[in-house]
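All remarks here apply to the structure that follows.
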Amino acid sequence: MSPKMSKANQSQGLLLFRLNQTQQFALGTLKIRELVPYTPLTKIPHSHPAIMGAATIRGMTIPVIDMAAGIGFKPVTEQERQDCYIIITDCQRMVIGFLVRAIDKIIECNWRNIEAPSNNLGKNAFLTGVTRFDDKLVQLLDVELLLSKIFPDDPITNRAILTDVQREKLKPLRILLVDDSKVARKQLSDALDSINIAYQVTSDGHEALQMMLQAAKERAPIDLLVSDIEMPGLDGYELAFEVKNNPDIASAYIILHTSLSSEISVSQAKQVGANEALTKFDAKELIEAMLRGAQTKQIV
């Protein structure tokens with residue numbers, strides 16, 4: 001264990017809510033701007049079936065998604081709407097409203113107590129983690145996967161164009177990608193595959209730390225770490241702190257890559273030793289950050 005105290009705040013807020021009568025779901029509060037009671041919506045022509053319409057909140061027009069319908073549950077009926085709430089989120093460079101059937105409460109949760117979901121759930125399971133509160137199962141929703149189904153990625157943001165000189169600067173780097181979201185891992189992998197850059201990838205912060213320690217032991221340390229912030233077990237803040245607090249792996253250039261669109265997350269990233277914090281997802285921005293990392297390594 002590290003002898004120093006981490007500057008990362010392991011205790012994170014979770015908003016508990018319901019999409020049906022039996023299951024409890026959660027979102028990290030860092031993604032959430034506010035909660036508002038249901039408000040009349042204006043239809044958006046030719047939109048995804050799960051998009052109920054747009055709401056005008058504090059002068060901003062915000063698309064509102066029926067979250068239950070979006071993940072394959074029974075859609076909210078006209079009669080139910082008046083008792084529902086809209087969760088306004090700031091995620092992946094978009095302000096989006098999610099209509100839910102009920103809001104329960106906000107709790108504090110240590111991310112080390114959140115477990116990764118079972119691999120048996122399949123590739124379309126909208127979960128990034130599970131935990132328990134008052135002896136009840138709480139499921140953390142994968143907002144990135146949900147948004148990717150409703151707003152398919154713009155191919156332009158998923159590809160970067162490099163000069164031959166830039167590619168040669170990146171090629172020698174030993175790169176590790178860490179993200180608990182299947183969608184985010186694919187975005188990261190596709191971005192590097194498209195420019196023919198090698199990398200390793202994992203969905204788990206603890207595993208990432210062990211991979212880095214093992215690589216250092218084999219005298220092939222990781223040069224560049226790209227990590228999500230909100231992850232079960234060991235989150236990105238804690239991972240960054242552990243890396244910078246271990247002289248064997250501290251030389252890694254750390255980019256925290258998050259769906260959170262928050263100045264708070266950027267500030268905290270710097271506090272735990274990360275070199276940069278980027279908002280998902282723009283391949284060009286990510287590759288530019290990697291090139292800055294390459295520059296610090298003086299690898300040509």
Any residue meeting ring-ring contact (aromatic ring centres under 6.0 Å, His included) with Phe133, in chain and number order, not counting sequence neighbours: none

Any side-chain heavy-atom pair of Ile229 and Gln268 under 4.5 Å: no

Glu80 atom CD: more than 12 heavy-atom contacts under 6.0 Å: yes

Close side-chain approach of Met231 to Glu238, heavy-atom, < 4.5 Å: no

Side chain to side chain, Ile195 and Leu192, heavy atoms closer than 4.5 Å: yes

Where Asp248 and Ala216 come nearest, the two heavy atoms and their spacing: O-CB, 3.6 Å

Min side-chain heavy-atom separation Lys31-Glu230 under 4.5 Å: yes

Arg174 backbone acceptor or donor facing Asp223 side chain under 3.5 Å: yes

Criterion side chain to side chain contact (heavy atoms under 4.5 Å, CB included) on Ser227 and Ile254, from CA distance to verdict: CA-CA 8 Å; Ser227 175; Ile254 301 176; 5.7 Å; no

Flag for Glu276-Tyr253: side-chain donor and acceptor within less than 3.5 Å: yes

Donor-acceptor pair, side chain of Arg185 and main chain of Asp179, under 3.5 angstrom: yes

Results of side chain to side chain contact (heavy atoms under 4.5 Å, CB included) for Glu285 - residues two or more places apart only: Arg93, Asp282

